[in-house]
Amino acid sequence: MTKTHTPIERAGITSRQLILILITAMALVPGYLMVTGSLKTQEEFLNSPWSLPMNPNFQGYAAAWNDQFPTWFKNTLFVTLSAVLLTISLAATAAWGFANWKWKGRDTFLGILISLMVVPPVVLLIPLFTLGAKLGWISTFRMLILVYVGLMLPFSIYLLTNFFRAIPVSLIEAAKIDGASDLRTFRSVVLPLSGPPLITLTIVNLLWVWNELLLALVFLQSDEKKSLMVGITGFQSRYSLSIPTIMAGMTIATLPLVIIYIFGQRHFIAGLTAGSTKGE
Amino acid sequence: MIKTAPSEYRVTAPRNLGAVFGRVRTSGPFLWILPAGLCVLFIFGYSVFDLVQQSFKYQGDWVGFENFSLVLTDPLFRTAIFHNFLLLFTVPILAVMSFTCAVLLFETRKGMKFYRSAVFLPYILPIPVIGVVFGQLLQLNGALNSALRAMGFESLALDWLGDPKQALWTMSGIIIWKEVGFGTILILARLISIPLETMEAARIDGAGFFRLHLQVTLPQLRAVILFYIINESIVMVSWVFNYVYVMTNGQGGPGNATVVSELYIYRSAFQNNAPELAATAALLLLLATLVFIIGFFRIQRNMSKGVFDD
């Protein structure tokens with residue numbers, strides 16, 4: 001790699017670098033406009049959308065936050081945390097059931113479960129809404145959480161099963177010989193080894209629930225129960241005359257994700273690639 | 001009862017039964033799977049069962065295939081399906097772009113981590129946020145057009161979202177912008193795991209950049225690219241609601257230029273008060289996705305073979 005390059009090779013390397021810089025710029029531009037736009041006044045934004053905010057102005061943030069943002073934020077936080085926690089616990093126990101015992105039809109069962117990963121939520125929307133209306137559960141968090149858990153389970157079980165299967169059998173056998181029950185083995189041998197996949201799964205699911213719109217739109221209709229994503233969708237028409245306020249709202253809604261992304265990028269990437277490359 | 005089966009029972013029982021029960025005796029996997037299994041069965045099983053029922057009924061009465069003929073002859077439904085079909089054209093573009101990005105990142109030593117994070121960033125941003133920001137960016141007098149005009153490309157400053165002629169293509173551009181990061185990361189992860197020897201051998205044989213990656217790298221990435229293609233096809237057919245809803249205020253406008261099947265279902269159920277038509281359309285959509293799901297299932301099976309072969 002460090003050998004000297006011919007001029008043609010060097011031109012190739014430079015042009016590749018330039019293409020990469022261009023791609024990176026394109027990926028970052030909307031984010032740049034969002035953050036800088038949130039710090040400008042309406043006139044500044046309309047006159048020169050591309051410039052840096054010379055006199056940062058935080059009125060957009062104040063206006064956005066004084067709206068229903070705190071409520072939406074709280075709702076999303078509650079739904080996200082409960083749904084993810086529940087999913088992880090159910091998925092971990094189920095995955096242990098798949099990984100620790102070999103039973104007839106297991107692989108078929110697992111295969112069906114995996115293919116459920118790609119069933120579009122819109123297909124489930126009408127029946128679940130009808131049912132929710134019958135139960136009087138529309139605009140309750142429990143209904144939405146239940147639906148989210150159901151939708152996240154297939155991928156979560158798949159990922160954890162793959163990981164549990166890779167735990168050396170000798171470790172599990174040793175625990176069994178020592179007389180540990182299945183529960184005990186699971187708690188004190190399997191779980192302590194499963195830190196990385198559990199973090200990965202938490203991050204992937206966290207981002208998914210945080211960003212979900214369609215189901216939240218349908219299942220949380222009352223104003224005080226709205227989720228952040230549903231809230232900001234209506235936000236843009238309400239503040240159509242103040243782009244900085246809109247941009248400030250968008251920045252607030254994105255910030256938690258970016259923080260999670262920066263700290264958990266490695267885990268997140270591991271989770272995404274797990275679906276396609278495990279076992280190769 | 002299985003738990004207390006006496007040990008003689010296992011001796012006299014047929015061999016395979018003995019093996020099954022012998023396992024079950026130690027509390028068995030079923031209790032472990034039960035809670036998650038019930039939840040999945042309820043969310044998916046009940047929904048599909050109820051969906052089929054609803055699509056054959058009108059206000060509780062059995063109407064046979066009437067809903068199906070209503071939906072299939074509805075011009076709006078046909079338009080919506082056609083739009084989903086058009087969106088499928090973004091899939092090959094995505095595959096090519098992701099492959100290119102992944103190779104470029106792979107070949108870059110300096111700053112690779114930064115570029116990788118940047119390219120991947122759009123994929124984690126919420127679609128509502130993306131929709132709103134791009135909506136502002138692409139206004140007739142928005143940031144993009146003012147930049148184009150400043151650079152002298154007056155004729156390129158189109159009404160990106162307001163003109164029905166290109167609204168759907170603008171939408172596909174935004175979808176590509178978001179989804180390319182996913183493919184890049186996926187392909188890059190696989191690329192890194194390829195043994196370096198084959199590439200080095202080809203390099204020593206004098207293969208240049210293009211020949212090396214098209215003839216040596218690409219064939220080894222077939223599985224992961226295929227996975228990505230199927231995944232993205234499913235996205236285009238049945239996961240684009242968020243973009244359309246946010247960027248058109250739930251209307252699929254201008255006119256019906258960006259109505260997709262999901263929006264048709266949503267509007268039938270919640271705006272036009274025709275849940276039976278929505279259910280029928282949803283069932284049709286499920287059948288359409290089934291083709292992709294089967295493909296997805298087969299790839300997954302092939303890929304996880306190594307893991308599940310005891």
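To find a chain, count down the sequence lines: A is the first, B the second, and so on, and within it residues start at 1.
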Minimum side-chain heavy-atom gap [X]-[Y] below 4.5 Å:
X: Asn100(A); Y: Pro29(B); answer: no
X: Phe44(B); Y: Val119(A); answer: yes
X: Thr24(A); Y: Phe114(B); answer: yes
X: Leu217(A); Y: Tyr266(B); answer: yes
X: Asp50(B); Y: Leu131(A); answer: no

Which atom pair, heavy atoms only, marks the closest approach of [X] to [Y]?
X: Ala27(A); Y: Trp177(B); value: O-CZ2, 3.2 Å
X: Pro121(A); Y: Trp239(B); value: CD-CH2, 3.5 Å
X: Asn211(A); Y: Ile124(B); value: ND2-O, 3.2 Å

Distance, nearest 0.5 Å, that separates CG of Leu121(B) from CG of Leu257(A):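 Answer for the CG-CG pair, Leu121(B) versus Leu257(A), is 10.0 Å.
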Under a 4.5 Å heavy-atom cut-off, does chain A meet the side chain of Leu144(B), its backbone, both or neither?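 For Leu144(B), the backbone is the part near chain A, not the side chain.
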Sequence-distant partners of Thr248(B), side-chain contact (heavy atoms from CB on, under 4.5 Å), two or more places apart: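 If we apply the side-chain contact (heavy atoms from CB on, under 4.5 Å) test to Thr248(B), skipping adjacent residues, the hits are Met171(B), Val244(B), Thr258(B).
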The criterion is side-chain contact (heavy atoms from CB on, under 4.5 Å); which residues satisfy it with Ser233(B), sequence neighbours excluded?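 For Ser233(B), the residues satisfying side-chain contact (heavy atoms from CB on, under 4.5 Å) (neighbours in sequence not counted) are Leu88(B), Val91(B), Ile229(B), Phe292(B).
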Measure Phe235(A) against the heavy atoms of chain B and call it side chain, backbone, both or neither at under 4.5 Å.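 No part of Phe235(A) comes within 4.5 Å of chain B.
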Given that the side chain runs from C-beta out, which part of Val218(A) has a heavy atom under 4.5 Å from chain B: side chain, backbone, both or neither?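 For Val218(A), the contact with chain B is made by the side chain alone.
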Heavy-atom pairs under 4.5 Å with chain B are the metric here; pick the option from Leu183(A), Leu90(A), Thr93(A) that has the most.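 The residue among Leu183(A), Leu90(A), Thr93(A) with the greatest pair count is Thr93(A).
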